[in-house]
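Side-chain atoms are counted along with the backbone in the values below, which use heavy atoms only and exclude waters and symmetry mates. The shown structure was predicted, so the numbers you read here are calculated from the model rather than taken from an experiment.
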Amino acid sequence: MENLVRETGDGGDVITRLAGWKIGGWPTWHLTQPTVIPCKDCGTAMTLLFTVASSEETGIVVGRWGDLRIFTCPADHRHAFQVDLH
């Protein structure tokens with residue numbers, strides 16, 4: 001895994017991030033002010049599960065060069081995921 005990160009990553013988190021792909025952590029807010037994404041089932045602030053970011057390095061383009069983010073409810077894993085294009 002560490003070799004793959006060195007070859008494709010940007011020097012960031014060795015465990016959770018490859019260029020254009022990220023598990024967990026914090027969402028970027030480059031288009032808007034930071035905001036809470038509430039769970040539609042219980043209202044709990046959702047946490048970032050997964051990000052796919054547009055990247056020249058990987059050739060991935062999300063929407064108009066943005067990020068696809070998937071949020072999950074930390075209170076109950078059975079609650080629906082929420083998808084956000086940023």
- Query: Taking only residues two or more places apart in sequence, or in another chain, which ones meet His86 in a ring-ring contact (aromatic ring centres under 6.0 Å, His included)?
  - Reply: Trp29, His30
- Kindly write out the residues that satisfy side chain to side chain contact (heavy atoms under 4.5 Å, CB included) with Ile60, not counting sequence neighbours, or none if the list is empty. Trp21, Val52, Thr58, Val62
- Applying the 4.5 Å side-chain criterion to the ILVMFWY set and letting contacts propagate, would Ile23 and Leu49 be lumped into a single cluster? yes
- Linking directly or through intermediates, with side-chain heavy atoms under 4.5 Å: list the remaining ILVMFWY members grouped with Trp65, chain and number order. Val61
- State, without any angle test, whether Thr28 and Asp67 hold a side-chain donor-acceptor pair at a distance under 3.5 Å. yes
- Task: Could I get the full list of salt bridge (Lys or Arg N to Asp or Glu O under 4.0 Å) partners for Arg64, not counting sequence neighbours?
- Result: none
- Are side-chain heavy atoms of Val83 and Leu68 found at a separation under 4.5 Å? yes
- Note on the structure: With sequence neighbours left out, the residues meeting salt bridge (Lys or Arg N to Asp or Glu O under 4.0 Å) with Asp84 are Arg69
- Message: Measuring only between side-chain heavy atoms, which start at C-beta, is Pro27 closer than 4.5 Å to Phe71?
- Response: yes
Under 3.5 Å, side-chain donor or acceptor atoms of residues 38-45 against the rest of the protein: list the pairs with distances, not counting sequence neighbours.
from  : atom 1 : to    : atom 2 : distance (Å)
Asp41 : OD2    : Ala80 : N      : 3.1

- According to a 4.5 Å side-chain heavy-atom criterion applied to Ile, Leu, Val, Met, Phe, Trp and Tyr, with indirect links allowed, do Ile37 and Leu48 form part of one hydrophobic cluster? yes
- salt bridge (charged side-chain N to carboxylate O under 4.0 Å, His left out) contacts touching residues 70-79 (sequence neighbours left out): Asp76-Arg78
